[in-house]
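Inspection log for the structure reproduced underneath, given as structure tokens.
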Amino acid sequence: MAQTLAAGELQRELTYDGLRAADAKGNKGGRRPAIKADKTDDVRAAYLDGRSIAALAGDPGTAQGPPRVREPRRRAHD
């Protein structure tokens with residue numbers, strides 16, 4: 001068990017070292033935004049004005065995920 005804890009501590013230190021090195025280079029971790037920063041304010045304002053999320057997702061230049069189709073529930077057989 002002590003080896004497992006030591007391995008976890010080593011992994012944590014290596015992860016933090018990598019994050020610190022990336023930060024020193026000016027790199028930022030995480031996923032890129034689906035909407036460019038200059039369009040975010042426009043989308044937020046349109047949403048607050050009453051446009052639906054579905055309408056906003058249909059605008060050109062806005063990422064739209066795959067359509068979600070709900071499968072009908074299956075009835076249990078008696």
Side-chain angles (χ1 to χ4, degrees):
M1 182 163 163
Q3 290 176 341
T4 304
L5 292 175
E9 290 294 320
L10 177 62
Q11 182 66 39
R12 184 186 320 196
E13 278 302 312
L14 291 173
T15 300
Y16 284 131
D17 288 345
L19 290 171
R20 283 189 220 108
D23 189 39
K25 283 200 254 180
N27 294 338
K28 180 178 151 186
R31 188 176 189 174
R32 290 188 179 124
I35 299 175
K36 301 217 183 245
D38 57 343
K39 189 165 181 169
T40 304
D41 293 333
D42 297 337
V43 171
R44 184 175 286 123
Y47 176 72
L48 293 174
D49 285 342
R51 286 195 61 198
S52 70
I53 293 174
L56 292 170
D59 287 349
T62 305
Q64 184 176 11
R68 292 180 174 84
V69 178
R70 183 175 176 197
E71 294 183 20
R73 287 189 175 180
R74 298 176 189 230
R75 297 179 69 183
H77 294 9
D78 294 24

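Because the structure is a prediction, the values reported are computed rather than measured.
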(request) Kindly state each residue pair satisfying side chain to side chain donor-acceptor pair (under 3.5 Å) with at least one member in residues 16-26, sequence neighbours excluded. (result)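 Checked against side chain to side chain donor-acceptor pair (under 3.5 Å) - neighbours excluded - the pairs reaching residues 16-26 are D17-R20.
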
Check: residues 46-58 side-chain donor-acceptor pairs under 3.5 Å, at least two apart:
| from | atom 1 | to | atom 2 | distance (Å) |
| --- | --- | --- | --- | --- |
| R51 | NH1 | D59 | OD2 | 3.3 |
| R51 | NH2 | A55 | O | 3.2 |
| R51 | NH2 | D59 | OD1 | 3.2 |
| S52 | OG | A55 | N | 3.1 |

(request) With rounding to the nearest 0.5 Å, note down the distance linking OG1 in T15 to CD in E13. (result)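 Going from the OG1 atom of T15 to the CD atom of E13 covers 9.0 Å.
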
